[in-house]
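Here is the structure we will look at, set down as structure tokens.
Numbering starts at 1 and runs along the sequence shown. Note: hydrogens, waters and symmetry copies are ignored here, and every other heavy atom, side chains too, is used.
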Amino acid sequence: MSQIDIQDLFNKSRFPSGWSLLLLIIYSPIGFVLVLFRLLVVLLLWLLASLLPDCNSLRKFLSYGARIAFGIVIKIDSESEPRDKQSRIIIANNVSVLDHFALRRATETLVPTVWELPTALSNVLGLQKMNMNSKETLIANIKQFLSTSTYSIAVQPEFGTTNNQVALLKFNSWPFSIETAVQPVAIKALRSELVPVHVTTLASTWLTEVFWFMFVPYTVFTLKYLKIRRNSDHEILVREVEKDIADALGLQTCSHTVSDKTEYEKRYRMRILSNARPNRNAPNSQVIHSIEIQRMVRQVSEVLPLVPQNVILRDLVKTRNVDVTIANILDGIVTYTPEPNPSAQSSVTSSSGSSNSTKDKVLGTTSFQEKKAKMIQEARERYIKKHGLTNC
């Protein structure tokens, strides 16, 4: 697997730049009108699915309405392999929050979900409610469903979307333990060049993603069936299928998993929040922020007078908490050179003899070290008492 920087797998911004952005701005009024219209369609579909009994004619109507509501066009690649009915498990990559609808329309499969929807609407959207409390429970539910239903099951083992431009997330292996034969499907999603809004972005919610499906004129899903893969060793099977789908899409495989994406997304959100925080209510917030930091510096200095204030300030800017900074200093996380003690220096006078002067310097140094140790011990005891810590 290629070593790829995880940030290259995701779009940070949904919008284009240059003239494309200008076209998007001009299109915006039309987009918002489309959103309002499509929301009314979604509401109508929900009411019909909730009030009317489940039947084929209702499902056909709901399917047609869902395509209008989300602006989805589904195509099968001209070089696609035929659908192999011998495999009841479809394995696909993950490109959007509405992949399950495209898979349902093209492959007659359902995707496991925890959502509780009206039966007819759930079927049209390609969703099948299952117990997902654990991996073993879900596998058992899928096997039971396959034994009692004519539908197949689709699983997207990336379990997270990417920009579909560089590489796939590393596939999880458990879906390949359900059956020894699976049929891979490569999915692409494209939008109009006149409104080039990215299908997914990092740190975006599913509601936001659905909004943009309704905003743009249409989204084209192109599905390509690949040759069925068989292997009793699911650890080998997962790597074979992962490579097949990546090759079909012109992408690479990598070692990053959905867990890596989650951690990267958390760091990305925190970076956005930290960058935005100082700008609120500027310039007044900057003044208040400075005053507050200086107040906390004085509090720490009262407890640890030997610690230079610039050292305290540097750590407080990171922690924004007096107690945490004190703990960092006491625990040695923050290193520093103690400030000289004026009283210790003044104890040595020029009138003393050479021997007495040497003795006074030694005593002064000893007094300094003792005072430092005493101050640190007192600060530690106050900190332990305040926080109710034991075994310290």
Open item on the list: Checking the side chain of His198 only, and the main-chain atoms of Ser13 only, is there a donor and an acceptor separated by less than 3.5 Å?
Closed with: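 It does hold such a pair.
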Contact summary for [X] and [Y], nearest pair of heavy atoms:
| X | Y | answer |
| --- | --- | --- |
| Val41 | Ala69 | CG1-CB, 4.0 Å |
| Ile4 | Thr253 | CD1-O, 4.4 Å |
| Gln128 | Ser122 | N-OG, 4.3 Å |
| Ala106 | Ile74 | CB-CG2, 4.1 Å |

Open item on the list: With side chain to side chain contact (heavy atoms under 4.5 Å, CB included) as the test, pick out the partner of Leu316 among Met296, Gln309, Gln294.
Closed with: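 Exactly one candidate clears the test, Met296.
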- [ ] Treating Ile, Leu, Val, Met, Phe, Trp and Tyr as nodes and any side-chain heavy-atom pair under 4.5 angstrom as an edge, say whether Val114 and Met130 lie in one connected cluster.
- [x]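 Yes; Met130 is reachable from Val114 via cluster members.
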Task: Short N-O contact, Arg269 and Glu265, less than 4.0 angstrom - done: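 Salt bridge present between Arg269 and Glu265.
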- [ ] Look at Lys243 together with Glu240 and state whether they make a salt bridge at an N to O cut-off of under 4.0 Å.
- [x]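 Salt bridge between Lys243 and Glu240, a charged N being under 4.0 Å from a carboxylate O: no.
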Enumerate donor-acceptor pairs with a distance under 3.5 Å from any side-chain N or O in residues 20-31 to protein atoms, sequence neighbours excluded.
residue	atom	partner	partner atom	Å
Tyr27	OH	Phe215	O	2.6
Ser28	OG	Leu24	O	2.9
Ser28	OG	Ile25	O	3.4

Open item on the list: Taking ring pair (Phe, Tyr, Trp, His ring centres under 6.0 Å) as the cut-off, I'd like each qualifying pair that reaches into residues 98-139, sequence neighbours left out, listed once.
Closed with: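 Only Trp115-Trp206 qualify under ring pair (Phe, Tyr, Trp, His ring centres under 6.0 Å).
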TODO: Applying side chain to side chain contact (heavy atoms under 4.5 Å, CB included), name anything that partners Arg191, two or more places apart in sequence or on another chain.
DONE: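 Arg191: side chain to side chain contact (heavy atoms under 4.5 Å, CB included) contacts with Val197, Val199, Trp212, Phe213, Val216, Thr219.
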Task: Residue pair Arg104 / Val124, side-chain heavy-atom distance below 4.5 Å - done: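 When only atoms from C-beta onward are counted, Val124 and Arg104 do not touch, as no gap falls below 4.5 Å.
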Open item on the list: In the structure I gave you, are the side-chain heavy atoms of Phe176 and Ile91 within less than 4.5 Å of one another anywhere?
Closed with: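 Yes, side chains in contact.
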Task: Donor + acceptor pair across side chains of Asn131, Thr137 (<3.5 Å) - done: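 No - no donor-acceptor pair under 3.5 Å links their side chains.
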